[in-house]
Amino acid sequence: MSESKDKAKGKAQEIKGKAQEQIGETVGDRRMQAEGRGEQVAGKAKVTAAEAMRRMKKHGDDM
């Protein structure tokens with residue numbers, strides 16, 4: 001999968017997690033809040049990994 005698709009999926013996962021966390025906060029469901037935070041962290045990891053792959057490919061071309 002391309003880095004841009006991975007980055008987009010990561011961002012989508014972050015947004016989903018943020019929404020889940022907010023809903024959990026609104027209804028008082030601490031488990032849902034925690035799951036939402038977990039989704040956000042996983043999404044951020046995907047974005048970071050995609051950025052790292054992009055940079056590695058860019059620098060690999062320079063060698």
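Worth saying up front: this structure is predicted, and the values here are computed from it rather than measured.
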Legend entry - Interatomic spacing from OG in Ser4 to CE in Met53 - rounded to 0.5 Å: 12.5 Å

Inset, instruction - Have a look at Arg37 and tell me which of Met32, Glu21, Gln20 forms a side chain to side chain contact (heavy atoms under 4.5 Å, CB included) with it. - result: Glu21

Legend entry - Glu39/Lys18 ion pair, N-O < 4.0 Å: no

Legend entry - Option from Arg55, Arg54, Lys57 for which salt bridge (charged side-chain N to carboxylate O under 4.0 Å, His left out) with Glu3 holds: Lys57

Inset, instruction - Rounded to the nearest 0.5 Å, what's the gap from CD on Gln33 to CD1 on Ile23? Could you check? - result: 11.0 Å

Inset, instruction - List the atom of Ala50, the atom of Asp6, and the distance in Å for their closest heavy-atom pair. - result: CB-CB, 3.9 Å

Inset, instruction - Could you pull out the closest heavy-atom pair between Val47 and Glu14, with the gap in Å? - result: CG2-OE2, 3.6 Å

Legend entry - Inter-residue atom distance Gln13.CD - Lys46.NZ, 0.5 Å rounding: 4.0 Å

Legend entry - Spatial distance of atom NZ (Lys44) from atom NZ (Lys11) [nearest 0.5 Å]: 8.0 Å

